[in-house]
Novice: 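Next up is a structure, given as C-alpha cells.
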Amino acid sequence: AIQLSGIFFVLFIFAQNVAWFFALWGIIFISLTAFLVNKKRKYDLEEAAADSRKTGGLADAITGILNIKMFSSEASEIKLFEKIADKEEKARRTAWNFGILIHIVHSITWSVLEVAGLYLVVSLWIKGSVSAGMIVLITTYFGIISGIMWNLRSAIGSVMRAVSEASEMIEIFEEKPDILDEENPEPCRIKEGRI
C-alpha cells in the first residue's frame, strides 16, 4: 500500500494520464480477479468436499480393518475406496483446470494492459508531454505495480481456496444442537456434591 501510494503520488504530479491509466488498469485487474476467483469457489468447495469424503473413507477402512478382514470384504472396500478416490481426483482436476483458465485469462489481460500502457507512454513521449527519463521511471513503476498486482491475485486465490476448505468446519460451528438450554432454567438446589 505504501509503495503504491508513493508511485501514484509521483505519477499524478508528473504524468496524470499515465496515473489514471494505472488506476483504471488496477481496478480492471482486481475486479476481474475477484469475479474469476468467485466463479472458482464452487469448484474449490466440491474439491474440499470430495477430499473430506476420501479422508473419511480411508479412516473408516483403517479403523474397521478387523471387520473387513473378518468378513472378507477387502475387494468391496477397495472398489468403494477407488470410487471415492476417482471422484476426488475428478473434482481436484476440475478445480485445477479452472485455475489454469484463470491464469490464462489473467496473462492475456495483463499483456493487453501492458501493451496499452507502453503505447500510451511512448505516444506521450512523441508528443513531448513526457521526457525519456520519465519513460524509464514509468517502465520501472510498471514492473513494480505488475509484481504487486500479481501477488495480490495469488493472495486472493489462496484465501478463497482456504475459505472453501474451511467451509465444512464453519458449517459444523453454525449447526444448532438438538438439545438447548432452557431460557429460564430451574435454580440449582444442590448445596454440596454427593452420591
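Numbers here simply count residues along the sequence, with the first being 1. The structure displayed is predicted, hence computed values, not measured ones.
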Novice: Stepwise, does the side chain to side chain contact (heavy atoms under 4.5 Å, CB included) test hold for T33 with F29?
Specialist: CA-CA 6 Å; T33 299; F29 193 76; 3.9 Å; yes

Novice: When rounded to the nearest 0.5 angstrom, what distance separates CG in D60 from CD1 in I68?
Specialist: 8.5 Å

Novice: How long is the span from the OG atom in S72 to the CD atom in E77, to the nearest 0.5 Å?
Specialist: 12.0 Å

Novice: Around atom CZ of F9, are there more than 12 heavy atoms of other residues, nucleotides or ligands at under 6.0 Å?
Specialist: no

Novice: Would you sort out whether F22 and Y141 count as a ring-ring contact (aromatic ring centres under 6.0 Å, His included), showing the intermediate values?
Specialist: CA-CA 10 Å; F22 277 136; Y141 282 171; 8.1 Å; no

Novice: Do the side chains of I190 and C188 get nearer than 4.5 Å, heavy atoms only?
Specialist: yes

Novice: With rounding to the nearest 0.5 angstrom, report the NZ to NZ distance, K87 to K83.
Specialist: 6.5 Å

Novice: Test your reading of the model: is there a side-chain donor-acceptor pair from S129 to the backbone of W125, 3.5 Å cut-off?
Specialist: no

Novice: In terms of side-chain geometry, is the basic nitrogen of E88 or R92 positioned less than 4.0 Å from the acidic oxygen of its partner?
Specialist: yes

Novice: Let me see the working for R93 and E89 under salt bridge (charged side-chain N to carboxylate O under 4.0 Å, His left out), right down to the final yes or no.
Specialist: CA-CA 6 Å; R93 190 173 343 134; E89 188 268 336; 2.6 Å; yes

Novice: Using every non-hydrogen atom in the two residues, find where F81 and K54 come nearest and quote the distance to one decimal.
Specialist: CE1-O, 3.6 Å

Novice: CD1/I108 to NE2/H103 distance, rounded to the nearest 0.5 angstrom?
Specialist: 10.5 Å

Novice: Taking 4.0 angstrom as the limit, do D44 and K40 come out as a salt bridge?
Specialist: yes

Novice: Output, in order, the C-alpha distance, side-chain angles, deciding distance and verdict of side chain to side chain contact (heavy atoms under 4.5 Å, CB included) for M70 and N67.
Specialist: CA-CA 5 Å; M70 280 192 294; N67 289 327; 3.2 Å; yes

Novice: Distance from I148 atom CD1 to L4 atom CG, nearest 0.5 Å?
Specialist: 4.0 Å

Novice: With the side chain counted from C-beta on, respond yes when T139 and V121 share a heavy-atom pair under 4.5 Å apart, and no when they do not.
Specialist: no

Novice: If hydrophobic clusters are built from ILVMFWY residues whose side chains come within less than 4.5 Å, do I28 and W110 share one?
Specialist: no

Novice: Going hydrophobic residue to hydrophobic residue with side-chain gaps under 4.5 angstrom, can you get from L113 over to L124?
Specialist: yes

Novice: Between I13 and F21, is there shared hydrophobic-cluster membership here, with clusters defined by ILVMFWY side-chain heavy atoms closer than 4.5 Å?
Specialist: yes

Novice: With a 3.5 Å distance limit and no angle check, can you tell me whether D51 reaches the backbone of E47 through a side-chain donor-acceptor pair?
Specialist: no

Novice: Any link between L24 and V112 through a network of hydrophobic side chains (Ile, Leu, Val, Met, Phe, Trp, Tyr) touching at under 4.5 Å?
Specialist: no

Novice: Between W20 and W25, is a ring-ring contact (aromatic ring centres under 6.0 Å, His included) present by the stated rule, with each step listed?
Specialist: CA-CA 8 Å; W20 283 113; W25 175 56; over 10 Å; no

Novice: Output the distance between atom CD1 (I104) and atom OG1 (T109), rounded to the nearest 0.5 Å.
Specialist: 11.5 Å

Novice: Spell out, yes or no, whether I27 and L36 are grouped together once hydrophobic residues are joined by side-chain heavy atoms under 4.5 Å, including indirect joins.
Specialist: no

Novice: List the atom of G26, the atom of M149, and the distance in Å for their closest heavy-atom pair.
Specialist: CA-CE, 3.5 Å

Novice: Compare every heavy atom of I102 with every heavy atom of V37, then report the nearest pair and how far apart it is.
Specialist: N-CD1, 4.4 Å

Novice: Report the residue from I100, T94, L101 that forms a side-chain contact (heavy atoms from CB on, under 4.5 Å) with F98.
Specialist: L101

Novice: With a sphere of 6.0 Å drawn around CD of Q3, does it hold more than 12 non-hydrogen atoms of other residues, nucleotides or ligands?
Specialist: no

Novice: Any side-chain to backbone donor/acceptor pair from S131 onto M134? Under 3.5 Å, distance only.
Specialist: yes

Novice: Test L11 against Q16 for side chain to side chain contact (heavy atoms under 4.5 Å, CB included), laying out the working first.
Specialist: CA-CA 6 Å; L11 286 177; Q16 281 192 359; over 6 Å; no

